[in-house]
Protein chains: 2
Amino acid sequence: MTISRKEVARLAGVSEATVSRVLNNVGPIKEETRQRVLRAAEQVGYVPNVLAQQFARKRSGNIGVILPFVPKVHLFSTYYFSEILSGIGETVSRFGYDLLLIFRQPDDAKDYAILFRTHKVDACIVLGSRDVPEERAALAELQTEGYPFCLVNQRFESAEFLTVDADHAAGSGEAVRHLIGIGRRRIAFLNGPPEYSNSMDRYAGYKAALRENGLDVREDLVYIGNYSRKSGYLLAEEIGKRIRGGEIDAVFAANDRMAIGLMQGLKEQGVEPGKAYSLVGYDDSDASRMTSPALSTVSVPFYEMGKLAAEKLLDPEQQDDRKQRHEHLLPIRFLARETSLI
Amino acid sequence: MTISRKEVARLAGVSEATVSRVLNNVGPIKEETRQRVLRAAEQVGYVPNVLAQQFARKRSGNIGVILPFVPKVHLFSTYYFSEILSGIGETVSRFGYDLLLIFRQPDDAKDYAILFRTHKVDACIVLGSRDVPEERAALAELQTEGYPFCLVNQRFESAEFLTVDADHAAGSGEAVRHLIGIGRRRIAFLNGPPEYSNSMDRYAGYKAALRENGLDVREDLVYIGNYSRKSGYLLAEEIGKRIRGGEIDAVFAANDRMAIGLMQGLKEQGVEPGKAYSLVGYDDSDASRMTSPALSTVSVPFYEMGKLAAEKLLDPEQQDDRKQRHEHLLPIRFLARETSLI
DNA sequence: TTGTATGCGTTATCAT
DNA sequence: ATGATAACGCATACAA
């Protein structure tokens with residue numbers, strides 16, 4: 001038995017419309033009436049039925065957040081998601097919205113537009129996206145239909161999607177410049193798959209830093225993993241050989257997980273980071289602080305990225321900016337720790 | 001301009017009610033009519049308006065998941081949340097529900113019932129809860145009002161809340177028995193705050209294992225941290241002294257974060273795990289595999305816990321069980337790794 | 001097997 | 001400043 005506006009209206013001796021006006025702070029209301037309504041609502045413990053509100057307003061009040069399919073989650077830092085989600089969550093609630101969490105299904109053809117057509121969400125934020133045809137098509141559809149959405153940490157070449165990203169080219173450049181600064185010259189790069197713009201950005205930063213310093217970019221120094229710890233671990237055999245052979249004196253890995261996997265594999269061969277070679281990871285994940293020696297890495301403002309993405313969708317003050325600038329890059333910070341002391 | 005049932009009905013030459021019946025698979029329908037309706041719906045690209053459905057059904061179709069306040073998140077393993085959330089997410093979507101993510105606010109008086117009164121959620125799952133008065137009151141209110149909810153990884157003494165937990169007493173017992181098995185006799189226990197049932201359960205397991213083996217439980221061997229890495233790190237000074245003094249030969253920590261913090265602090269003193277002392281953590285977090293030496297730990301089935309919690313709320317087959325058994329404890333697995341070899 | 005009719009609890013428009 | 005009332009798009013009880 002739920003209490004509706006009607007009881008409040010009766011008790012306050014006003015019409016239902018007036019109750020709504022008071023509760024929604026809309027239109028002119030005599031102060032005395034307002035008080036009477038508020039007291040009546042208080043007295044009967046009235047709370048509006050959100051389902052009726054959503055229906056009448058034709059808005060769900062939900063921001064959808066689309067996450068990668070579960071097993072894929074582990075290719076990302078879990079820190080990554082918990083931070084971005086927190087940033088989004090804090091912001092949407094500040095604007096009176098709720099957060100609907102949506103896991104991509106493995107099988108189903110990507111159809112993000114259905115979320116809007118069914119009115120499940122008013123806007124959405126896409127995490128862990130990749131530049132592959134089906135994903136691009138699903139996003140293009142959203143764009144065409146005019147549904148508001150924002151990508152986080154993934155950009156699409158020649159597509160004008162609203163995006164919040166970090167400046168990974170700059171961050172990678174800093175990391176590599178640091179390695180060069182401590183005297184390293186044969187710097188290998190352990191990258192992730194190219195369908196993540198993250199990977200391409202890091203590669204761009206890597207190359208730029210080498211060239212600035214008159215070093216050649218050599219394809220045989222570039223390795224590709226899949227951002228998992230295991231993929232880093234598996235490359236340790238080959239990279240270890242080349243470190244011992246003097247062909248490699250440092251490794252820049254595109255994320256901490258691969259860096260740590262590599263570090264573990266190399267340690268098994270007796271090849272220690274910070275001594276035989278320098279190592280830099282990427283993400284400033286929890287784990288990077290827990291290894292020994294502590295992993296040098298690049299800190300990404302995940303919380304702020306989530307916050308900004310939500311603001312771009314919800315904050316009226318961001319709306320103009322949004323038209324002018326589809327892509328927003330947040331600054332990044334390099335952290336020198338023990339794996340790249342010398 | 002959104003397409004409603006009406007157009008479909010007109011096109012198919014049936015009433016709106018019949019369209020609903022076909023789409024919801026309710027009541028007897030002539031096969032030919034069904035086909036006609038489905039084709040019409042297909043043709044005009046009809047999708048039901050979820051907001052209208054929710055309103056008419058008086059159900060939101062949402063399962064709320066309540067998370068700890070953001071800064072507190074870091075006291076838990078992020079792995080913890082990503083796993084539990086995945087388990088919940090997979091399950092609710094299997095039952096046709098959506099997942100509404102709710103971050104506890106720091107300031108606001110705990111009022112979970114409002115989620116139900118406003119009809120925002122049909123049921124909810126509470127994560128990262130603690131046994132403190134305000135939390136207990138908020139949950140008791142849900143119970144009294146008959147709102148369905150399930151706690152995960154936290155039990156309340158003498159309160160019959162529906163709960164899914166892991167058998168932390170058993171897990172801790174195994175861990176400590178293992179330490180005893182490798183010859184340790186002066187086993188310190190680094191626990192978390194008592195308002196988490198997790199802490200009390202681990203303590204119970206610790207004590208039981210000691211007593212079974214004729215060892216005294218000594219209060220001066222029990223330390224309390226707050227589940228953060230830092231709290232473990234800070235205790236390294238004192239514990240280190242006692243290890244060197246021969247008063248402690250092993251530490252069982254209530255989670256990996258504290259274990260790793262302690263391990264780092266001790267390492268700075270030149271006290272190495274697996275040699276001067278044995279160490280066991282708890283959670284089987286990502287980080288536990290990334291330390292060196294690798295951390296012995298206890299594996300918790302977080303994914304299954306999330307899954308089971310959701311099933312208890314949604315699966316009709318679990319409904320009877322639910323009445324009989326308020327608390328469900330999942331089994332746990334001890335993992336011997338390098339920090340407790342000898 | 002299908003159609004008719006009512007209700008769901010708001011918002012918002014149009015009067016007054 | 002306030003009241004009356006039409007939508008909103010669907011589910012469902014009741015008729016036929």
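Order of the sequence lines sets the chain letters (A, B, ...), proteins ahead of strands, with each chain counted from 1. Just so it is clear, the structure is predicted and the values come from calculations on it, not from any experiment.
- With contacts defined as side-chain heavy-atom distances shorter than 4.5 Å, the pair A/Ile63/A/Leu99 does not qualify.
- Comparing B/Ala52 and B/Val26 along DNA chain D, the residue whose closest nucleotide (by nearest heavy atom) sits nearer the 5' end is B/Ala52.
- Spacing between atom CD1 of A/Ile3 and atom P of C/dT10 amounts to 11 Å, rounded to whole angstrom units.
- Look at B/Gln53 and you'll find a side-chain N or O under 4.0 angstrom from OP1 or OP2 of D/dA11.
- At whole-Å resolution of the value, NZ in B/Lys30 and C1' in C/dT1 are 7 Å apart.
- When rounded to the nearest whole Å, the span between CD of A/Glu7 and C1' of C/dT10 equals 14 Å.
- Separating the CZ atom of B/Arg36 from the C1' atom of C/dG3 is a distance of 13 Å, rounded to the nearest angstrom.
- Checking C/dT10, D/dG9, D/dT12 against every side-chain atom of B/Ala17, the shortest atom distance belongs to D/dT12.
- Other residues, nucleotides and ligands contribute at most 12 non-hydrogen atoms within 6.0 Å of the CD atom of B/Glu157.
- Comparing B/Lys58 and B/Pro28 along DNA chain C, the residue whose closest nucleotide (by nearest heavy atom) sits nearer the 5' end is B/Pro28.
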Assess whether side chain to side chain donor-acceptor pair (under 3.5 Å) is satisfied between A/Thr91 and A/Glu311, documenting all intermediate values. CA-CA 7 Å; A/Thr91 307; A/Glu311 283 172 348; 4.9 Å; no
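- Below the 3.5 angstrom threshold, one finds no donor paired with an acceptor across the side chain of A/Arg57 and the base of C/dA12.
- Side chain of B/Ala56, nearest nucleotide from C/dC8, D/dG3, C/dT2: C/dC8.
- Straight-line distance from the CD atom of A/Gln54 to the P atom of C/dC8: 19 Å, rounded to whole Å.
- By the criterion of a centre-to-centre distance under 5.5 Å and near-parallel planes under 30°, the ring of A/Phe55 forms a stack with the base of D/dC8.
- Atom CZ of B/Arg59 and atom C1' of D/dC10 are 13 Å apart (whole Å).
- The CZ atom of A/Arg117 sits 17 Å away from the P atom of D/dG9 (whole-angstrom rounding).
- Comparing D/dC10, C/dG9, D/dA13 against the side chain of B/Arg21 picks out D/dA13 as the nearest.
- Of all the heavy atoms in B/Gln154 and B/Glu195, the pair that sits closest is NE2-O, 3.5 Å.
- Inter-residue side-chain proximity for A/Asn25 and A/Arg34 is flagged as met; some heavy-atom pair is nearer than 4.5 Å.
- You'll find that the side chain of B/Glu16 is closest to D/dC10, out of D/dT2, C/dT2, D/dC10.
- In this structure, of D/dG3, D/dT2, C/dA5, it is D/dT2 that holds the atom nearest to the side chain of A/Ile29.
- A close approach under 4.0 Å does not occur between any side-chain nitrogen or oxygen of A/Ser20 and OP1 or OP2 of C/dA12.
- Side-chain N/O atoms of B/Asn24 include one lying less than 4.0 angstrom from OP1 or OP2 on D/dA11.
- Here D/dA11 presents its P atom at 13 Å from CG of B/Leu51, a figure rounded to the nearest Å.
- Between B/Tyr147 and B/Phe116, the ring planes are parallel. Angles under 30° get that label, and only those over 60° would be called perpendicular.
- For the pair B/Thr18 and C/dG3, the criterion of a side-chain N or O lying under 4.0 Å from OP1 or OP2 is met.
- Within the 4.0 Å cut-off from OP1 or OP2 of C/dC8, not a single side-chain nitrogen or oxygen of A/Ser4 is found.
- Listed nucleotides C/dT4, D/dG3, D/dC10 differ in distance to A/Val14; the shortest reach to its side chain belongs to D/dG3.
- Here B/Lys6 lies out of heavy-atom contact (under 4.0 Å) with every strand.
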